[in-house]
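What follows is a single structure, written as structure tokens, with notes after it.
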Amino acid sequence: MTNMRRAGMAALALVAGLAACGTDQTRLETGREATAEVKALLRGLVHRGPKGAAPDPQQIAREALAANAGPLMLVSLEATKSTSVFGLRGENNGMRTWLSPSGQGVITRGGVLAGTRGFGNDLMSSDIGPLIGAVQGRRTTALKIELRYLDGLGKERPLPLDCRTGTAAPTGYDFAGMRFEGTPVAVHCEGYGFTFDNSYIVSGAGTVLSSRQWIGPRLGYLTLQSLRN
């Protein structure tokens, strides 16, 4: 999990470099570091100690791909250090709902996290249209989003956020016998005392291949790796 946390730090460095350099992407010296860290996001998962080691995520992925024909995604929750394969349960108006064998749910729009279910302290809903466009388009821009969570009375409360995106040079990595190539996109968001950094690797077609995304202040980050889209 150390590598995944470092990926978020690299994303922040990438955006900070962007703020210092304006829109001149050739001057983003931190881009190379962000690229390496995002690639390590998944590669670092497989370095486990031999005694009492957690299951190898790559092996989990291979077995799931062999046993299932539909779209699949490998999901890791940093807070609990748990990893599971989620299958696509349904799709409606661009919203894709992924379910784990234990019944936990992840909702994505264009590869960007839009909601969760069954984790506790879930992300209930969101307005993330501008973020989806920036991530899929691999664009550097400033934007606003809104995330919503339940309060103590069971009512959704909004968390408005100001965000800024940045990109690095295209990269590639291998996972579970597959090759993934895309452009790293870093997103830094702030609002109402909260700050977080998301990292994405996006294909030339605008598909999010892998990512580290913030669910909320209590759950922290999810790492998502597309296995079959």
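Residues take their numbers from the sequence shown, with the count starting at 1. These values consider heavy atoms only, across backbone and side chains, with no hydrogens, waters or symmetry-generated copies.
- Q136 is not listed as a side-chain neighbour of V112, based on a closest heavy-atom distance of 4.5 Å or more.
- Contact detail for I215 and L77: the closest heavy-atom pair is CD1-CD1, 3.8 Å.
- If you run side chain to side chain contact (heavy atoms under 4.5 Å, CB included) between L143 and each of L131, I128, D162, only L131 comes through.
- No side-chain donor from either of S199 and R212 sits under 3.5 Å from a side-chain acceptor of the other.
- Here the shortest heavy-atom pairing between P160 and Y192 reads CD-CE1, 3.6 Å.
- Residues P57 and L74 come closest through the heavy atom pair CB-CD2, 3.9 Å.
- Nearest approach of A61 to F175, heavy atoms of both residues: CB-CE2, 4.0 Å.
- Closest approach of L72 to A64, counting heavy atoms only: CD1-O, 3.4 Å.
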Show the atom names and distances, to 0.1 Å, of all donor-acceptor pairs under 3.5 Å that link a side chain in residues 97-106 to residues at least two apart or in another chain.
| from | atom 1 | to | atom 2 | distance (Å) |
| --- | --- | --- | --- | --- |
| W98 | NE1 | T108 | OG1 | 3.1 |
| S100 | OG | S102 | N | 3.3 |
| S100 | OG | S102 | OG | 3.0 |
| S100 | OG | G103 | N | 3.3 |
| S100 | OG | Q104 | N | 3.1 |

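- Heavy-atom minimum distance, L161 versus G191: CD2-N, 3.6 Å.
- If you take CG on D197 and CH2 on W214, they are separated by 11.0 Å, rounding to the nearest 0.5 Å.
- Looking at heavy atoms from C-beta onward, D127 lies in side-chain contact with R148 at the 4.5 angstrom threshold.
- Checked against ring-ring contact (aromatic ring centres under 6.0 Å, His included), F86 has no partners two or more places apart in sequence or in another chain.
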